[in-house]
Amino acid sequence: IVPAKWPENPRLAQWVNTLRRDYKKETIPEDKLIRLNELGFLWDAKAVFWEEMFVALTEYREKFGDCLVPENYPDNTELGWWVGTQRKARQTGQLPDERIGRLDALEFIWDIQDALWLDMYRQMFNFRKKNGSCLLPKGAADTMQLASWAEIQRQARIKNNLSKDK
């Protein structure tokens, strides 16, 4: 894929951009269209990029067990940005159902806050199962984050800010 702004060969990048624009307008002569298709020219660079990122997300999920790619993921700096872009596109109704379905099949997390809440809930559930109660020891380093989360939940309940499903 020739990038839209390619410093190594700006003339080629401009030519490719012009071809893609002309393709959308259906103004490329048939003989040139045939030759470019035979070359395997990619007409929709955004779709190709989406597929590349989807493959990268699939590999990330296989490696880490989830789709919670950090924004600054060092192995692929574009992947964290792309994941956030998919969330925003769905939120604004700009992500096609087909892509939503493919991401859902990977158990993609659409709402990070809900995912974080659920993770803490699971930790609390396991703590209770192991210890018989939800009373966390004060000052213990290994449960400090969980204790803070539990206090936030208690305060939210007192103020009637905790949804019934939680």
Side-chain angles (χ1 to χ4, degrees), residues 1-26 28 32-130 142-146 148-150 152-153 162-163 165-166:
I1 298 174
V2 176
K5 294 180 180 176
W6 193 28
E8 292 179 38
N9 193 336
R11 284 186 66 210
L12 178 61
Q14 181 58 44
W15 182 72
V16 166
N17 290 335
T18 301
L19 280 173
R20 289 188 174 127
R21 184 194 66 223
D22 292 348
Y23 178 78
K24 287 178 185 175
K25 293 179 180 178
E26 299 180 1
I28 298 176
K32 288 183 180 177
L33 189 61
I34 290 168
R35 288 169 60 192
L36 288 163
N37 284 335
E38 287 172 352
L39 271 180
F41 190 86
L42 302 171
W43 296 106
D44 188 349
K46 289 178 182 176
V48 172
F49 179 73
W50 196 94
E51 292 299 330
E52 288 173 348
M53 290 292 100
F54 183 79
V55 168
L57 180 62
T58 302
E59 291 168 355
Y60 180 94
R61 187 180 187 290
E62 288 172 6
K63 185 175 182 180
F64 295 103
D66 61 47
C67 294
L68 297 171
V69 182
E71 276 186 42
N72 56 353
Y73 179 52
D75 292 354
N76 185 338
T77 54
E78 289 183 314
L79 186 58
W81 167 83
W82 181 83
V83 163
T85 301
Q86 302 315 298
R87 288 187 182 105
K88 287 177 190 158
R90 181 177 188 235
Q91 211 171 27
T92 59
Q94 297 175 333
L95 192 62
D97 289 342
E98 180 264 334
R99 288 183 176 175
I100 292 171
R102 290 177 66 192
L103 290 166
D104 282 344
L106 292 180
E107 298 176 0
F108 189 83
I109 303 296
W110 295 105
D111 187 326
I112 295 296
Q113 294 305 313
D114 279 349
L116 295 174
W117 189 92
L118 187 58
D119 181 53
M120 295 306 292
Y121 174 81
R122 286 181 183 143
Q123 288 182 42
M124 182 60 81
F125 180 87
N126 290 333
F127 181 89
R128 181 173 180 238
K129 188 175 178 181
K130 181 180 176 184
D142 62 333
T143 59
M144 196 174 299
Q145 186 179 14
L146 186 57
S148 175
W149 176 84
I152 290 168
Q153 303 312 302
L162 192 63
S163 63
D165 64 318
K166 291 182 177 177

Problem set entry | Audit row: Val16, Trp6, side chain to side chain contact (heavy atoms under 4.5 Å, CB included) steps and yes/no | CA-CA 11 Å; Val16 166; Trp6 193 28; over 6 Å; no
Exercise. What do the steps show when you test Gln123 against Trp149 for side chain to side chain donor-acceptor pair (under 3.5 Å), and what is the final call?
Worked result: CA-CA 10 Å; Gln123 288 182 42; Trp149 176 84; over 6 Å; no
Exercise. When you look at Tyr60 and Asp66, which way does the side chain to side chain contact (heavy atoms under 4.5 Å, CB included) test go after all the steps?
Worked result: CA-CA 8 Å; Tyr60 180 94; Asp66 61 47; 3.5 Å; yes
For this session: Decide yes or no on side chain to side chain contact (heavy atoms under 4.5 Å, CB included) for Thr77 and Asn72, but give the supporting numbers first.
Result: CA-CA 6 Å; Thr77 54; Asn72 56 353; over 6 Å; no
Exercise. Would Trp43 and Ile28 count as a side chain to side chain contact (heavy atoms under 4.5 Å, CB included) if you check the C-alpha gap in whole Å, the side-chain angles of each, and the deciding distance to 0.1 Å?
Worked result: CA-CA 12 Å; Trp43 296 106; Ile28 298 176; 3.7 Å; yes
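Annotation: the span from Leu33 atom CG to Leu19 atom CG amounts to 9.5 Å, rounded to 0.5 Å. Expressed to the nearest 0.5 Å, how far CG of Asp111 lies from CD of Gln91 amounts to 8.0 Å. Between Ile112 atom CD1 and Leu68 atom CG the span is 5.0 Å, to the nearest 0.5 Å. Once rounded to the nearest 0.5 Å, the distance linking CD1 of Ile152 with CG of Leu162 reads 11.5 Å. Atom OG1 of Thr18 sits about 4.5 Å away from atom CZ of Arg21, to the nearest 0.5 Å. Put simply, CG on Leu79 and CD on Glu59 are 9.5 Å apart, with the number rounded to the nearest 0.5 Å.
Glu52 has its side chain within reach of Phe49: a pair of non-hydrogen atoms, C-beta onward, lies under 4.5 Å apart. Looking at heavy atoms from C-beta onward, Leu103 lies in side-chain contact with Phe54 at the 4.5 angstrom threshold. Side-chain contact between Val69 and Trp82 is absent, with no heavy atoms from C-beta onward closer than 4.5 Å. You'll find the side chain of Ile109 reaches within 4.5 Å of the side chain of Arg87, heavy atoms only. Two residues are said to be in side-chain contact when any heavy atoms from C-beta on lie closer than 4.5 Å; Val83 and Tyr73 fail this criterion. When side chains are defined from C-beta on, Leu116 does not count as touching Met120, because their heavy atoms never get closer than 4.5 Å. Side-chain contact between Arg35 and Phe41 is absent, with no heavy-atom pair separated by less than 4.5 Å. A heavy-atom distance below 4.5 Å is not found between the side chains of Asn76 and Trp81.
At most 12 non-hydrogen atoms from other residues, nucleotides or ligands lie less than 6.0 angstrom from OH of Tyr121. Within 6.0 Å of atom CZ in Phe125, 12 or fewer heavy atoms from other residues, nucleotides or ligands are found, so the atom counts as exposed in its surroundings.
Between Glu51 and Arg102 a salt bridge is recorded (basic side-chain N to carboxylate O distance below 4.0 Å). Here Asp75 pairs with Lys63 in a salt bridge; the nearest charged N to carboxylate O distance falls below 4.0 Å.
A side-chain contact (heavy atoms from CB on, under 4.5 Å) with Phe108 holds for exactly one of Arg61, Arg90, Gln86; it is Gln86.
With hydrogens and angles disregarded, a donor-acceptor distance shorter than 3.5 Å links the side chain of Asn126 to the backbone of Arg122. Under a 3.5 Å cut-off, the side chain of Asp104 and the backbone N or O of Glu107 do not form any donor-acceptor pair.
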